[in-house]
Amino acid sequence: AAQAAGASGLVKHAVAKADGSRVPVYSLPMAVLCLINFNESVATNVIWPFLPFAIVSWGVAPADTGTFAGIFASCFFVSQLLTASGWGMFADARGRKPTLILGLVGSAMAMSALGFAGSFPVAVGCRALAGLTNGNIGVTKVMVHEMVSKRDQAQAMALLSFNWGMGSIVGPIAGGFLTASSLEQATGHSIPFLDQFPYAMPCFFSALTSLLGIVVGTCMLPESPEWLRQHSVAQPSPSPCARGWASRLVETLQCACVARRGYHHVPTDEPAGAACDSAVAGTGATPSVARPVDGLEDGEAAVGAQPAQPGKPGDVGAPSAGAMQGCLAWAASGLTPRADSPLRDSVLLRCFGLYATLALAAILIDELLPVIGKMRREAGGLGMSEAEIAELLIIQGVSLVIFQLFIFHRLVARFGEGRVFKWGSVCALTALSTLPVSIWLGNTSGPAGRWIFVGGALALKTLGMGCCFSLTF
């Protein structure tokens, strides 16, 4: 009873401490997270204005620009898909803050290397490196949910979207106006370094924002209070289900080797240990590792606990089929989702699918628009320069900033999240379905019509996607 009361007191104290450490929306930790989100937006959007021109400069035939633009853009997201789960596990095991800092370091390295890329394979490698070393978007959203109270989360997510919109403005500005051709047109003379690396300045600008995020995040960003609470009350290491296949294989081999000696290895961080306990019960062997008692500090003994006794001499060296079956059952337990696994939540799975569909549509337009902008008008394009493509992309960022700053949270407060999400879906679907017609009208009606029709469709798409992305999770 005393042990249970002590453990309950520790849990209540940790929960109270975590609840008391919730930060307001307009606070220093939220400002740092917004800066990190701003950096992600800059790194994503800085390449779009000059991408079709850079692909040609990397030795690709102009007729194949669209194909290689798709390869270049997709390699980032494919590599990010391969490491997204790993970064999530790392954030759960080591903390949110180290994950964010490492992601910023990877982004700075990849963007700096991209500025010196002289061929298409090198550029693809740099972009893939950016995806492999960065999982900050998801970790940032998780950290916001853990640091901000429930009633302020809609406003906090709107603030994140606002900073993403700011990055959608600053990124295209840097990508369109810091290239070699734009700087030569503005200054009247060429720079020898930029003649050799014409797209280095936009990439260096993105790397500088990452370095700023590294310094500010290291000095001013606290760790998530929810993560600290879980690691102060729960077990100090991740559960076996959160491990990779290599770690589970090592544990299985260790378990089998110990079972052959008549003992059974029980992982110290296994919460229930039912499979291994059943194996031990079938052999009469004593576990080699004692489980800690909740609520006790290291070195304290539980009342009534018996010290571990060595196995009987006759048991040592005798292989045990029951122990082996228990080990193999424990090793295979990670192949199927647990009862409390998110993979069994149908609502969460629908959210995953919806988010993936929205991301597909948004990235498709972001990638396709610069290619159409560079194409000649006779071929159905807009015949725009790098700076003009940047100006067209800036419309998306400005509309998103204004909407998230003044309108979004008021709509959610008045009409509710579900209704605003449906309205956003209708706006995004309307903009995407009419975008080809808008491009055709902009191509045939002159410069003014291009800004009215194409810019209006992009603004409507941005507002709809802003609602959907902010309210999906």
Legend entry - Verdict with reasoning, F120 to I71, per side-chain contact (heavy atoms from CB on, under 4.5 Å): CA-CA 10 Å; F120 183 76; I71 295 174; 4.1 Å; yes
Inset, instruction - Check whether any side-chain heavy atom of Q155 sits under 4.5 Å from a side-chain heavy atom of Y26, and report yes or no. - result: yes
Legend entry - Any donor-acceptor pair under 3.5 Å from S182 side chain to L178 backbone: no
Inset, instruction - Report the distance from atom CH2 of W440 to atom CG of L435, rounding to the nearest 0.5 Å. - result: 14.5 Å
Legend entry - Ring centres under 6.0 angstrom apart (F204, F116): yes
Inset, instruction - Would you sort out whether S41 and T44 count as a side-chain hydrogen bond (donor to acceptor under 3.5 Å, both in side chains), showing the intermediate values? - result: CA-CA 5 Å; S41 179; T44 300; over 6 Å; no
Legend entry - side-chain hydrogen bond (donor to acceptor under 3.5 Å, both in side chains) evaluation trace for D152 with S149: CA-CA 6 Å; D152 295 332; S149 61; 3.2 Å; yes
Legend entry - Donor-acceptor under 3.5 Å (Q196 side chain, F193 main chain): no
Inset, instruction - Compare all side-chain heavy atoms of L160 with those of C34 and state whether any distance is below 4.5 angstrom. - result: yes
Inset, instruction - For F453 and S445, run side-chain contact (heavy atoms from CB on, under 4.5 Å): C-alpha distance rounded to whole Å, both residues' side-chain angles, the deciding distance at 0.1 Å, then the answer. - result: CA-CA 9 Å; F453 293 109; S445 58; 3.8 Å; yes
Inset, instruction - Could you tell me how the ring of F72 sits relative to the ring of W58: parallel (under 30°), tilted (30 to 60°) or perpendicular (over 60°)? - result: tilted
Inset, instruction - Examine distances only and state if a side-chain atom of S57 and a backbone atom of A54 form a donor-acceptor pair shorter than 3.5 Å. - result: yes
Inset, instruction - Step through it carefully: locate the ring centre of W423, locate the ring centre of F415, and say whether they are under 6.0 Å apart. - result: yes
Legend entry - Derivation of the side-chain contact (heavy atoms from CB on, under 4.5 Å) call for I395 and V454: CA-CA 10 Å; I395 295 177; V454 181; over 6 Å; no
Inset, instruction - List the atom of D92, the atom of H231, and the distance in Å for their closest heavy-atom pair. - result: O-NE2, 2.8 Å
Legend entry - R377 atom CZ, over 12 foreign heavy atoms within 6.0 Å: yes
Inset, instruction - Can you measure from CG (L194) to OG1 (T179) and round to the nearest 0.5 angstrom? - result: 9.0 Å
Inset, instruction - Just do the side-chain contact (heavy atoms from CB on, under 4.5 Å) check on M147 and L33 with the steps written out, would you? - result: CA-CA 11 Å; M147 296 182 70; L33 292 177; 4.1 Å; yes
Legend entry - Check: Y199 and I47 side chains under 4.5 Å, non-hydrogen atoms: no
Inset, instruction - Run the salt-bridge test on R96 and E226 with the 4.0 Å N-O cut-off and return the result as yes or no. - result: no
Inset, instruction - Could you tell me whether Q185 atom CD has more than 12 heavy atoms of other residues or ligands within 6.0 Å of it? - result: no
Legend entry - Side-chain donor/acceptor of T133 to backbone N/O of L129, under 3.5 Å: yes
Legend entry - Contact summary for N39 and S210, nearest pair of heavy atoms: OD1-OG, 2.7 Å
Inset, instruction - Show your working on side-chain hydrogen bond (donor to acceptor under 3.5 Å, both in side chains) between N45 and Q396 and close with a plain yes or no. - result: CA-CA 11 Å; N45 293 285; Q396 298 185 97; over 6 Å; no
Inset, instruction - Could you grab the distance from atom CD of E223 to atom CZ of R94, nearest 0.5 Å is fine? - result: 12.5 Å
Legend entry - H189 side chain reached by E184 side chain, heavy atoms, under 4.5 Å: no
Inset, instruction - Check for a donor-acceptor pair, side chain of S168 on one end and backbone N or O of G397 on the other, with a separation under 3.5 Å. - result: no
Legend entry - Side-chain touch V32/M143, heavy atoms, less than 4.5 angstrom: no
Inset, instruction - May I ask you to test the K374-M384 pair for a side-chain heavy-atom distance under 4.5 Å? - result: no
Inset, instruction - Heavy atoms only: give me the nearest F50-P202 pair and the separation to one decimal. - result: CE2-CB, 3.8 Å
Legend entry - For T218 against K97, the heavy-atom pair lying closest together: O-NZ, 3.1 Å
Legend entry - Any side-chain heavy-atom pair of F38 and V170 under 4.5 Å: yes
Inset, instruction - Indicate yes or no for a side-chain donor-acceptor contact from S27 to the backbone of V23 under 3.5 Å, with no hydrogens or angles considered. - result: no
Inset, instruction - Heavy atoms only: give me the nearest A207-S112 pair and the separation to one decimal. - result: CB-OG, 3.3 Å
Inset, instruction - Could you tell me the separation between the CD1 atom of I407 and the SG atom of C467, rounded to the nearest 0.5 Å? - result: 9.5 Å
Inset, instruction - Anything under 30° is parallel, anything over 60° is perpendicular, the rest tilted; go ahead and classify F90 against W87. - result: perpendicular
Inset, instruction - Check G66 against V371 and note the closest heavy-atom contact, atom names and distance. - result: CA-CG1, 4.1 Å
Inset, instruction - Check whether any side-chain heavy atom of P172 sits under 4.5 Å from a side-chain heavy atom of V46, and report yes or no. - result: no
Inset, instruction - Please check if the side chain of T209 supplies one atom and the backbone of S206 the other of a donor-acceptor pair under 3.5 Å. - result: yes
Legend entry - Value rounded to 0.5 Å, distance of CD1 in I363 from CD in E367: 9.0 Å
Legend entry - Separation between CG of N443 and CD of E378, rounded to the nearest 0.5 Å: 8.5 Å
